[in-house]
K.L.:
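Mind having a look at this structure? Questions to follow.
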Amino acid sequence: MTLLDFIYYFVLPVLSISILLIFIRFLMGPKMVDRIIALDLIITTGIGFISAYSILYNQPTLLDVAMILALIAFLGTVAFTYYIQQKNKP
Amino acid sequence: MLIAVLLGFVFSLLLVVAGKFFRGKPAILSAIIPLSLFVYFSGFINEVSGGGVIRQSFKWVPSFGVNLGFTLDGLSLLFSLMITGIGFLVFVYTSTYLKGHEYLDRFYGYLSMFMASMLGLVLSDNMISLFVFWELTSISSFFLIGFNNKSEASRKSAITALAVTGLGGMSLLAGALILGSVGGTYTISELLNSNQVIADSPYYIPIVIFMFGAAFTKSAQFPFHFWLPGSMLAPTPVSTYLHSATMVKAGIYLLMRFTPILGNTEFWNSTLLIVGAITMVYAAIHALFRKDLKGILAYSTISALGILVFLIGQGTEKALLAAALFIVVHALYKATLFLVTGIIDLQTQTRDVTVLRGLRKVMLPVAIAGFLAAISSAGIPPTVGFLGKELTYESTLALISMPVLWIALILITKILLLYAGFVAGISPFVGKLPEQFANTKKPGMLLWLPPMILAVTGIGFGIFPALVEPIVFPVVTAMGESLGNEHLKLWHGFNTVLWLSIATIAIGTVLYFILKPSQKLVESAERFEFLSPKALTTVGWAYFNKVSSLWTRIFQNGYLRNYVSTIVVFLIGLAGYSLYQTAKFDLDLSTLNEITLYEMAVVAMMFSSIFFVVFTKSRLTAVASMGVMGLSICLLFVFYSAPDLAMTQFSIDTLTVILFVLVLYRLPRYLKLSDYRTRIKDGIISLAFGSIITVLILEVLASPVDKTISKYYAENAYVLAKGKNVVNVILVDFRGSDTFMEISVLAIAAIGVYALLKLHLKETDQH
Amino acid sequence: MKNRFLSNILLTFIWVALTGDFTLSNFFFGFLLSFFVLKMVISGESRAKYFRIAPKVVAFIFYFFKELVKANLQVAFEVMTPRFQMTPGIVGFPLEASSDIEISILANLISLTPGTLSLDVSDDRKVLYVHSMYIKDRESFIAGLKNGFEKRLLEILR
Amino acid sequence: MTDLIVGVLALFGTLFVFFAAVGMLRMRDTYLRISVTTKAATLGIGLLLVGSAVHSYELAITAKVFAIILFLFLTAPVSAHLVGRTSYFSGVKLWKNSVMDDMKGKYNPETEELGSGLEDEPENSDSKK
Amino acid sequence: MTNQLVIYPLLLQLFLSIFLMFAWRRISWQRVISIVGGFINIAVSIWLFAFIWNEGTHTVQAGNWAAPFGITFVADILSATLVLLTAISGLAVSVFSASSIVAARLKYGYFPIFHFLLLGLNGAFLTGDVFNLYVWFEIIIISSFVLITLGGEKAQLEGAVKYFTLNILASMIFLTAIAVLYGLTGSLNMADLSIKVAAIENRGLVEITGILFLIAFGIKAAVFPLYFWLPDSYHTPPSAVSAIFAGLLTKVGVYALIRFFTLIFVDNTFLQDTILVMAILTLISGGLGALVQNNLRKVFSYLIICHIGFMIIGLGLFTEMAIAGAIFYLIHDIVVKTNLFMVSGLIYRITGTNSIRSLGGLYAQYPMLSLLVAIPLFSLVGIPPLSGFWPKISLITAAFEGENWWVIGAILFASLITLVIIAKVWANVIWKEKLELPERLNFRYYEKLTNEGKMQLVAPIVFLSLVSLYIGFGAEHVQQLSSRVATELMDRQQYIEAVFKSSQTTKP
Amino acid sequence: MEIVLAIMIGFLYAAGIYMILRRSLVKLILGIIILGNGANLLIFLLGRISKGRPPIIAGDLKVFAEAYADPIPQALILTAIVISFGLQSFAIILIKRVYKVVKTDDLDEMNAIDQDS
Amino acid sequence: MRTIILKTASSYLLPVLLIFSVFILLRGHYLPGGGFVGGLIASMAYVLHAFANGLSDTKNLLRFHPGFLMPIGLALAFVSGMAPLFLDLPFMTGLWYPGEIPVLGSIGSALFFDIGVYLVVVGVTLTIIFTIVDTI
Ligand code: NA
Ligand code: NA
């Protein structure tokens, strides 16, 4: 089994399953905060996805996308929590 | 001739700037223009009656084959003389009739514009320029009918008149253009050569119908006649000039002008016969049931126009001569009667024949003019009216089919017209002067002289028919018929025609003494008013308006979702139909890449997040789901080699989420507002749309593609544009203009957002 | 001024790392760039403090990674076994750290490691509320944190 | 050899992500889920990233990878903190088996102030902003 | 100098927009810049027009990339004409805006956005690239969104939501169509597409792509049954804004339809029949709609729709004569519709209302203005020899030659109903006696304006009226122009050669 | 995979239209965004997709050594995305302003313009 | 938001993100990135700062209205597009400085154009978000 086979047959499928599991949490909620966490984790998993993918296709340029994801996902979370906080203001 | 035609336009333009000057005393000076034109055209009588035709042509829009081409032959000369002659008298009359009116200058402006248009109409040798002038007469008529613009009835009548004549105008346009296409030219004189081609063409009937449409509306033939009585709300000079003497005869002119081109066919003749006959009888009967002088005159005018159409329909040279003569006759006596009515109206403030009596005592010259016009209208010798009537009977008698019927109809018409003429021209002046009119002021000479001149001319032509011959005979010649050695005579000997004349006069006079116009009569007619074309048109128009409202409300119902679904359904319909016709659905699946689990996972996430956006009840959840969707798309872009896209997609999505989040928390709840059925309906529409897109994609993917351009980019990105990220090189170099505009879009959006949130108009700022 | 310079150097390193271009010219460009950026972001009143580079940092990093791996294994065990052995709760952790930067770093490190999550700092900055998965009793939990992260961190920062 | 290192890194990275995913589903309250994700994801993703750095065997890539990891470690705890406090303030309940809640009653939603429980001590009252 | 002449109008507008943004709050400067810019723009456009008229179609290969690799800007005689008309309408509206747009709106970027809009219009007319056309369309859309919402009053916003949604929908369909086209041919250059689309074997796919473009542009052109956004929005913004919208926005859609369906999607009877049916229904629908409105600007809005039908009919008939008619009508309509909406603005300034029921008294109070107003009104009707009349000759003749009786019927119907509507408008707005309207404090009535303010309102109307009189009385010139446009449009080869001709001069 | 993506794009279009047909202004704008995403993916897919070959010339090369993904659709989408972003942000603010002025999110109530004025 | 943790984080993330954004901008011609994404990241840095510290702090930090960046960026792009016209080359023709410059690689009009894009994007994003936050 080569590394690429390993990535192809193990890493990516497991990451796929993980992302789906997290997505189920996203769908289930129950609170908005749960969705926010799930979304955050989905994005983080996406970074993993990208790095595995960049190994598989030998395309390290894809890691740039991962970089953007890492940075900007954070801002999304900040915005969502800001929203909830504003909404809870009497 | 160009100058002759343009003179009126120039004068009306002059009035725009120099209106104030002509508003007062100098108003009468404007009559110089029609007078000089009359003199100018009179100068051609000799030449034209000698068979001469004067032509002039000026280039206008040669690309369309449109020239300002003018022909002065017998037909146009007759009309030109009428237009300028009667025009002169009306101009003179108006200066007193509307003395001191604040808009007198505008009135003259419209009037001279009309005169010029009418001249242009009858002189045009080009169908398009004829149409141009035709429409200008309609428009000037609109302004003149609506001259009393503060009265709602006036405004309505103006609109009605414009609508009906406008309908005719459209018809004329279509007829002229088709005729031009078939005949190969718009020049009328050239079309004469191709009349056989035209008659044989499959478009002959449509052409004739269009031409009839124009003529019948303009000349107030049944059932389009109703605008004419309505237009009587215009000041009397207008009624005189436009609505009895000249403009309404434009339709007659058109028929006569095109007789040599389109006439002499079964369809042409019988249609005109029938329509003319119906109109003359119908209108003549109607004249019985009026008590308003102008109303009576309006209906008798319609009837007279019917007679003219009837005569043109007969088509023989005798009939055409009768028509030509009758045009003159009618113009003379009807203009007189209108002018007389105007004087009565002006001096007594009423036009009700049931109260008008004995006015001869206060306005004798007017009474004389009225009397002379009445006997001319009655066709009593030695008036020119007698000549006209004789010719009419003569030609009708010569008809091959059903002469008895036609004679009966024309007889009835003539009797009723005699009655109408007497009522209008004689009855106001005879009998005892009622108290109320005792102090009526005498009309000034400038008022009574014009009708007097017309009336006397009528008698003069009757006594000396040779005077009218050089005007009337060339008309027939111009229509392509030859008259041989005929002459107009008062005395033809004892023949059927004479007996008919005697019968007409006798019965008519008896009728005048038996039947007095009364309120009762008017009311009895009003009971059937709802059946009249006017009433039917009014009802039809109301329905039309209703339908318009309904149609407009069905499509433009204010609901955005209905607009969207209409558009989408339209797209589905067209594209679906086209796809159904052409799609092969034979996809070559082997060329498509295999599917991996991670792709499926992303797609599954995508699908579910879409579902979630659509069906969730929470706005914020929807927005978060959009985030998931964005990430899924981002991952797809990563998988399929588009890192720049992935970056951008994700950043933009996050930014959008932030915007949403900042905006949303003040909004109300995210409710499901539509009912179940709407949702099902919308669901079906949406899925149909989606399916079409899917099928379309698959079809496109199955067809070959040319990648020359992207290959060029790849080969030259570094070599020529010094960049290795080809996408970026495209963005800033190969297709840099796109990017420039893209950032402009952003800047505009930002300004828009800034303005949308910061700009609050104060009350003082609004609008 | 010193802090400012250090920040500048730090940013320059980040720049060089990002570009992956370890040349002198790039270093120089990075320095100029960071200088400009710092000029852009530092307003008169707030002067951000930055790490002092010290050998302790290295030791701390190793300690941190050890904790991180430990925490992850713990979580792995927790989630993959059918029954939960957790005793979660929120504890108010009395802070010794006082400056913004100290509190923040401490809180973040706590969040990153063993079953714990910094929820918030009280407005008077005396208490850091920490959520933890495994709390036997309050005192031992607090002591663990005090002797672990807080002590090591403050050693570096002060 | 490189492949093997990469493989091991990827294996553990993947597993940690997977555990986090399972934890995300299984954990009983929001706070626990936050705890789980912050850790597992950061370490798991970190390992995967290091794997790809090793695989590429390029300095530039390695630097980039460390930049990403740095960003992740900078931001993950902050977002955990934000979500955690937001959850608490918006009234998300602790799991029923939770043993203590020191924050209970300390938060005043009107003023958005979070007390420490130590305010009564007079000498510290001036440190409050 | 003239090598790059084709894009000077674009550069000028772009420069003006940016310059105006720098002069953000100095609204008196902005007024001057905009008007002076308008004059320069007319000069440049005339220059371009004369150049193209004499030299034939000219191109600029942006970025110096030979077609079809870069973005090509093409000025054929149609584009040059439309650029010139944009300049004319643009100047008129600039001047009109200077007085009629309140200072508050000017302070929030009215003029920069206005010039961006003109930029977008010029770009759309000049580009020879499908995707670039999309981008120009977006410039137009976003600037029109901003202009239509500027001020944010209730009616404006409600209108804007509909305007926004349906235009975005159109953009999406447009984008989809571009994607399909690219998927089929791998090209975006219009001349190149003309060649490549003709070579596609699967004609069905070409037809569907055509349908997508038809609907996308049809929405923008406000053709039945896609016009809904127009009557719900055009009467809501200030009249200067409606004026430029009315004159030019829908015309961009018409232009795009004409360009695409003469250059790329030709020889498809299904498409042509569809276009014809849509055109007929547009004439009818617009006419019926205008008949039942009470708001002056709504009447004009429906008339816009109605008259779009004339242009689309020309395209549907697809003969040289018919297209010449459509072009003539297009030229006339741009000038007259812009003018009409300015007229509605003037009337609003005078009376404080646009409700026909409440209007009146203009004839008595302002006879000269009434006369002035008569010119655009009756030009619109096509009272010969005013401008609206001439194109009908070509259209009816062309319809007759194709034996399309329905088309003739629809043209006549629309002409007649326009006549009746304008007669009604005239009777009710100009003739009717003045009614007592509720007092509006703070409203800047016309009579209260300074002479300069009055002139800024009236002068542009006079200017455009003169232009439309020229179109009517100088019909020969316009008809020659239209015929030439039609000839060029029917001869695709000419366009294609012009685009690829200049390729030798560029790299590589 | 193309088939799956084709179906997914169709689904995006459908969902976009469905959302636009709702009565809520917020949903309408979400619909527009979804539709925009659909259109972008459509461009992407119709430009033909390939895995793991970004159109970036590697290292010291001057031209591509191997096959690469078509960069044109990517550039088009980038432009389209950015433009959509401009429009979307304007639309989102429009919601805010509309709600402030009209006091509703229900599109069916935004018909004041239909009354003659 | 009243949290010192975020506040602290934002103050160290701000310079890092700005550096990062310039990095993304400059290498766009060679690797994924470019003016657009770069501009977005720069603006997000400020947005983050605004979330954590309040808008007025961020505005003080910026010292000028971000909207001002839009005409500047557009003007820069305009000039870089116009420049070739003076050499009688078409609009937007790429002009390149012969030879390579350290760090940036080739210098050409495309680079200035991309910087223009960057500035416009920063200006646009910040204008939009600041306006919204201002009017909440
Ligand atoms: Na933790
Ligand atoms: Na844990």
Side-chain angles (χ1 to χ4, degrees), chain A residues 1-4 6-7 10-12 14-15 17-26 28 30-34 36-38 40-41 44-45 47-55 58 60-64 66-67 69-71 73-78 80-85 87-90, chain D residues 2-4 6-7 10-11 13-15 17-22 24-25 27 30 33-34 36-38 40-42 44-45 47-56 58 60-61 64-65 67-72 74-76 78-80 82-87 89-92 109-110 112:
Chain A
M1 193 179 191
T2 64
L3 173 65
L4 297 189
F6 174 71
I7 302 276
F10 178 79
V11 177
L12 285 174
V14 172
L15 286 177
I17 292 165
S18 311
I19 217 167
L20 287 178
L21 291 177
I22 306 163
F23 187 65
I24 292 171
R25 170 54 71 195
F26 177 84
M28 282 166 53
K31 294 280 187 202
M32 193 57 218
V33 272
D34 296 299
I36 297 171
I37 311 159
D40 193 47
L41 188 57
T44 321
T45 315
I47 297 172
F49 236 121
I50 291 169
S51 54
Y53 199 79
S54 75
I55 299 173
N58 196 20
T61 38
L62 294 179
L63 289 172
D64 293 315
M67 189 141 57
L69 252 59
L71 271 173
F74 173 59
L75 198 66
T77 309
V78 175
F80 274 114
T81 49
Y82 183 83
Y83 170 89
I84 295 174
Q85 197 195 311
K87 206 178 175 192
N88 286 336
K89 269 188 186 167
Chain D
T2 322
D3 279 8
L4 186 66
V6 174
L11 173 66
T14 312
L15 284 177
V17 173
F18 181 69
F19 297 148
V22 176
M24 190 73 202
L25 257 189
M27 284 299 165
T30 306
R33 291 195 272 268
I34 300 170
V36 166
T37 60
T38 319
T42 41
I45 301 302
L47 290 176
L48 274 168
L49 282 167
V50 172
S52 61
V54 174
H55 179 72
S56 76
E58 263 181 69
I61 305 296
K64 194 184 302 179
V65 161
I68 301 175
I69 294 175
L70 181 68
F71 285 145
L72 270 182
L74 283 179
T75 57
V78 181
S79 38
L82 283 175
V83 181
R85 83 189 272 275
T86 309
S87 308
F89 295 160
S90 63
V92 174
E110 299 290 320
E112 292 180 59

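A, B, ... follow the sequence lines: proteins, then strands. Residue 1 opens every chain. FYI, side chains are in, hydrogens and waters are out, and symmetry mates aren't considered; it's all heavy atoms of this structure.
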K.L.:
Check D:Ser52 against A:Ser54 and note the closest heavy-atom contact, atom names and distance.
P.N.:
CB-OG, 3.8 Å

K.L.:
Determine whether D:Leu25 and A:Met28 satisfy the following criterion, side-chain contact (heavy atoms from CB on, under 4.5 Å), listing intermediate values before the conclusion.
P.N.:
CA-CA 9 Å; D:Leu25 257 189; A:Met28 282 166 53; 4.1 Å; yes

K.L.:
Looking at CD1 of D:Ile34 and CD1 of A:Ile37, how far apart are the two atoms once the value is rounded to the nearest 0.5 Å?
P.N.:
4.0 Å

K.L.:
Side chain, backbone, both or neither: which part of D:Leu4 has an atom under 4.5 Å from a heavy atom of chain A?
P.N.:
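For D:Leu4, there is no contact with chain A at all, as no heavy atom is under 4.5 Å.
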
K.L.:
Do D:Phe18 and A:Leu21 come close enough that some side-chain heavy atom pair is under 4.5 Å?
P.N.:
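Contact flag for D:Phe18/A:Leu21 side chains = yes.
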
K.L.:
What's the shortest heavy-atom distance between A:Gly48 and D:Leu48, and which atoms?
P.N.:
CA-CD1, 3.7 Å

K.L.:
Please determine, among D:Val78, D:Leu47, D:Thr86, the option with the most heavy-atom pairs under 4.5 Å with chain A.
P.N.:
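So the answer, after comparing D:Val78, D:Leu47, D:Thr86, is D:Thr86.
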
K.L.:
Below 4.5 Å, heavy-atom pairs only: which of D:Leu74, D:Val92, D:Leu82 has the largest tally toward chain A?
P.N.:
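Max contact count across the listed options: D:Leu82.
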
K.L.:
Top residue by heavy-atom pair count (under 4.5 Å) with chain D, among A:Asp64, A:Leu4, A:Ile19, A:Leu20?
P.N.:
A:Asp64

K.L.:
Would you call D:Leu72 and A:Ile47 a side-chain contact if the rule is heavy atoms closer than 4.5 Å?
P.N.:
yes

K.L.:
Enter the distance from D:Ser90:OG to A:Lys31:NZ here, rounded to the nearest 0.5 Å.
P.N.:
7.5 Å

K.L.:
Is there a side-chain contact between A:Leu3 and D:His55, using heavy atoms and a 4.5 Å cut-off?
P.N.:
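Contact flag for A:Leu3/D:His55 side chains = yes.
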
K.L.:
Mind listing the closest non-hydrogen atom pair of D:Met24 and A:Ile22 along with its distance?
P.N.:
CG-CG2, 4.0 Å

K.L.:
Of all heavy-atom pairs between D:Lys64 and A:Met67, which one has the smallest distance, and what is that distance?
P.N.:
CG-CE, 3.7 Å

K.L.:
For a 4.5 angstrom cut-off between non-hydrogen side-chain atoms, does A:Ile55 reach D:Val6?
P.N.:
yes

K.L.:
What part of A:Asp40 gets within 4.5 angstrom of chain D, counting heavy atoms only: side chain, backbone, both, or neither?
P.N.:
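Contact with chain D: side chain only.
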
K.L.:
Between A:Ile17 and chain D, which part of the residue has a heavy atom less than 4.5 Å away: side chain, backbone, both or neither?
P.N.:
side chain

K.L.:
So which heavy atom on A:Arg25 is nearest to which on D:Arg33, and how close?
P.N.:
NH2-NH1, 3.1 Å

K.L.:
To the closest 0.5 Å, what do you measure between CG (D:Leu15) and CG (A:Leu15)?
P.N.:
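D:Leu15 atom CG to A:Leu15 atom CG measures 9.5 Å (nearest 0.5 Å).
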
K.L.:
For D:Phe89 and A:Ile84, run side-chain contact (heavy atoms from CB on, under 4.5 Å): C-alpha distance rounded to whole Å, both residues' side-chain angles, the deciding distance at 0.1 Å, then the answer.
P.N.:
CA-CA 10 Å; D:Phe89 295 160; A:Ile84 295 174; over 6 Å; no

K.L.:
Using a 4.5 angstrom heavy-atom cutoff, name the option from A:Thr45, A:Ile7, A:Leu12 with the most pairs to chain D.
P.N.:
A:Thr45

K.L.:
Using heavy-atom distances under 4.5 Å, tell me whether D:Phe71 contacts chain A through its side chain, its backbone, both, or neither.
P.N.:
side chain

K.L.:
Answer with side chain, backbone, both or neither: which region of D:Val65 has an atom nearer than 4.5 Å to a non-hydrogen atom of chain A?
P.N.:
side chain

K.L.:
In Å, rounded to the nearest 0.5 Å, how long is the span from CE of A:Met32 to OG1 of D:Thr30?
P.N.:
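The OG1 atom of D:Thr30 is 12.0 Å from CE of A:Met32, to the nearest 0.5 Å.
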
K.L.:
Starting at CZ of A:Phe49, measure out to OG1 of D:Thr14 and round the result to the nearest 0.5 Å.
P.N.:
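Spacing of CZ (A:Phe49) from OG1 (D:Thr14) equals 10.5 Å.
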
K.L.:
Could you report the tightest heavy-atom contact between A:Ala70 and D:Thr75, atom names first, then the distance?
P.N.:
O-OG1, 4.1 Å

K.L.:
Could you grab the distance from atom CG of D:Leu49 to atom CG of A:Leu63, nearest 0.5 Å is fine?
P.N.:
6.5 Å

